[in-house]
Amino acid sequence: MLTTWLFERSDYLRPILLRQDPAAQQQLIAIYQFLKVAVEFAATGGRSRRRFLARVRRIEALNEDTAYRAISSEATDMDAVRVMTIHGSKGLEFRGVHLPGLATTYMPSNRQAVRVPPPSLDRLAMTSDDHDHEEQSLFFVALSRARDHLALSRAERYTPSRKSSPSKFLALLAGLSSRNRAAGPAAHAKRGLARATAPALSYGEDALGVYINCPARYGYKVKDGLLGGPESSAYVRFHACVYDTVGWLEDQRAAGTTAGVADTLAHFTADWAEHGPIKHPFQKYYRAIGMQMVTRMAEAVIGETGHYDRREWLVNLDGRKVAVTPDRVIIATDGCVTIQRVRTGKKTKSESDKEIYALLRLGARQLYPGRRITVEAYYLGTGERMVPPLKDDGKLLERYSEAIAGIESGDFGPKTGRSCPGCPYYLTCGG
Ligand code: SF4
């Protein structure tokens with residue numbers, strides 16, 4: 001009925017079709033999209049006009065119009081600019097994107113207080129850190145809408161009396177030169193290999209670990225230097241405070257004093273106040289677990305004899321050097337060497353299959369030839385020690401060699417998996 005009225009009975013379309021300007025073209029696209037909704041509604045057996053209009057209202061109210069916001073193939077050559085919010089652009093892609101307003105107070109926007117906080121869910125209330133992470137994700141959503149060209153801008157002033165300053169998110173792009181988005185790591189995978197790079201003096205074990213898990217993630221994080229939000233997540237900060245206290249305990253021993261549990265907790269508390277996730281809703285729980293862990297470590301250190309030899313190792317591997325700093329190296333009075341990997345998480349079945357144990361065994365043999373060597377994991381949560389059974393170290397070390405070869409040949413293809421949704425580059429990655 002609607003199409004009969006539009007195309008046969010009324011003159012509604014005639015003036016629009018006679019005009020050639022972008023506004024008329026936009027009107028035609030809107031009518032086309034409206035008809036698409038109508039056809040889909042009819043296909044489900046819908047006949048009621050009231051229900052159809054309710055469906056249209058629902059699409060608008062619940063922002064369910066992504067499928068209709070995409071430009072139809074007939075309109076892709078239209079000479080026009082589309083203005084939309086970042087939220088509204090989710091799921092869409094354009095040849096060129098201009099992102100204005102990249103100034104303080106606009107991106108990230110000022111956090112609005114919750115007007116009516118839910119009475120019993122105060123732990124879930126959004127903190128300023130959460131707000132910043134959310135805004136940062138939005139920023140990356142906006143950046144990743146551009147296929148070929150991306151322009152970022154801000155005004156010198158947004159009010160007559162105040163100069164604007166650049167958005168802090170722009171610092172995340174520092175070091176990136178302007179270039180075609182097709183040069184990104186995911187695009188390399190689609191188009192083949194990126195340009196090969198010269199061998200580095202040494203490769204960090206942690207960076208190689210990132211490459212082994214996903215070359216594209218390495219490309220974003222290490223090669224392009226893009227920082228992701230989760231780097232400063234509550235768990236990472238909790239972890240860093242525990243590790244800092246473990247290092248401090250050894251420094252105390254090296255300086256000739258053995259710190260007791262009370263001193264250790266005092267150090268941890270001071271570190272927590274400065275670097276811990278103090279605004280996180282679960283900070284109380286993180287802190288309590290951290291205190292248990294450093295107490296356990298302090299008790300273990302008090303019972304140890306010998307001395308510590310923690311420093312960065314440069315492990316020779318197939319003509320390249322891999323830099324790794326073991327968590328703990330304990331040289332017993334009889335000369336035996338124990339290399340400990342300190343774990344704050346739970347023991348997993350796959351822990352002993354990790355290539356880092358093979359690297360630590362190789363490095364220890366190179367640094368302490370002829371000594372008895374033990375490489376083990378120490379779980380701060382339980383106090384358990386686990387000596388990974390000897391594996392085929394050659395095979396495990398091959399993972400590092402292959403990663404180095406991949407980096408040097410410029411292969412940064414995505415390796416998708418279950419961890420992708422938690423990856424800081426999930427929204428920009430084309431994998
Ligand atoms: S989203 Fe997945 S494939 Fe893409 S970089 Fe992250 S881990 Fe790799």
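Throughout, numbering of the chain's residues begins at 1 and tracks the sequence. As the structure is a prediction and not an experimental result, all values here were calculated from the model. For ligands, and for the atoms within them, numbers begin at 1 and follow the listed sequence.
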- Message: Both conditions, 6.0 Å and 45 degrees, for the charged tip of K321 above the ring of Y203: are they met here?
- Response: no
- Item | Residue of the set L317, D393, V324 for which side-chain contact (heavy atoms from CB on, under 4.5 Å) holds with L362 | L317
- Query: With the threshold set at 4.0 Å, does a side-chain nitrogen-carboxylate oxygen contact exist between R320 and E408?
  - Reply: yes
Review item, side-chain donor-acceptor pairs of residues 339-346, under 3.5 Å, at least two apart:
{"residue": "Q340", "atom": "OE1", "partner": "R328", "partner atom": "NH1", "Å": "2.9"}
{"residue": "Q340", "atom": "NE2", "partner": "E376", "partner atom": "OE2", "Å": "2.8"}
{"residue": "R341", "atom": "NH1", "partner": "E351", "partner atom": "OE2", "Å": "2.8"}
{"residue": "R343", "atom": "NE", "partner": "E351", "partner atom": "OE2", "Å": "3.4"}
{"residue": "T344", "atom": "OG1", "partner": "Y235", "partner atom": "OH", "Å": "3.1"}
{"residue": "T344", "atom": "OG1", "partner": "H239", "partner atom": "ND1", "Å": "2.8"}

- Message: If the cut-off is 4.0 Å to any non-hydrogen atom of P414, which atoms of ligand 1 fall inside it?
- Response: 3 (S)
- Query: For ligand 1, which atoms have a heavy atom of K415 less than 4.0 angstrom away?
  - Reply: 3 (S)
- Task: Within a distance under 4.0 Å of any heavy atom of R217, pick out the atoms of ligand 1 and give their elements.
- Result: 5 (S)
